[in-house]
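By convention here, the first residue in the shown sequence is residue 1.
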Amino acid sequence: METPYNFSEPNWKPLERAVELAGLPLATCGEFMWMQENPVGVHHYKHIDTRSYVRLTSETSAPACARDLKTARSSELGPAEDSKKEGER
């Protein structure tokens with residue numbers, strides 16, 4: 001029998017590990033919401049401002065952690081808002 005999705009028991013360890021490996025302050029974890037864990041152990045975290053997802057396991061490599069966290073935190077504006085701002089200049 002396949003392990004079910006986990007929507008009710010958050011696990012912050014993969015995100016904390018990723019933040020540490022990326023050299024970011026632990027408070028960075030507060031920018032994310034834990035969403036779910038899929039049956040193969042991948043945890044999904046959503047950034048509170050950008051709404052971008054980071055998918056992590058306890059095995060995610062340091063370069064991948066840094067890249068994924070940087071991407072998720074990079075833009076607080078969506079593409080439409082970015083282009084609107086450029087047009088106003």
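- Rounding to the nearest 0.5 Å gives a distance of 4.5 Å between CZ of R17 and CG of L21.
- Remark: S52 OG to L69 CG distance equals 11.5 Å, nearest 0.5 Å.
- Classification of the W12-Y45 ring pair by plane angle, with boundaries at 30° and 60°, yields tilted.
- With sequence neighbours excluded, the residues satisfying side chain to side chain contact (heavy atoms under 4.5 Å, CB included) with L26 are E16, C29.
- C65 and L56 make their closest contact through SG-CD2, 4.3 Å (heavy atoms, listed as atom of the first residue, atom of the second, distance).
- Applying the side chain to side chain donor-acceptor pair (under 3.5 Å) test to pairs two or more places apart or on separate chains, those with a residue in residues 20-37 are N6-E37, E31-H47, E31-R73, W34-H43.
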Walk me through whether M33 and R51 qualify under side chain to side chain contact (heavy atoms under 4.5 Å, CB included). CA-CA 10 Å; M33 300 174 277; R51 312 311 269 184; 3.6 Å; yes
Quick one: do F32 and I48 satisfy side chain to side chain contact (heavy atoms under 4.5 Å, CB included)? Show the steps, please. CA-CA 6 Å; F32 290 87; I48 60 173; over 6 Å; no
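- With hydrogens and angles disregarded, a donor-acceptor distance shorter than 3.5 Å links the side chain of N38 to the backbone of G41.
- Nearest heavy-atom pair across Y53 and M35 is CE2-CG, 3.7 Å.
- Partners of T57 by side chain to side chain donor-acceptor pair (under 3.5 Å), not counting sequence neighbours, listed by chain and number: T60.
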Please step through side chain to side chain contact (heavy atoms under 4.5 Å, CB included) for the pair K13 and S58, ending with a clear verdict. CA-CA 8 Å; K13 295 290 184 201; S58 59; over 6 Å; no
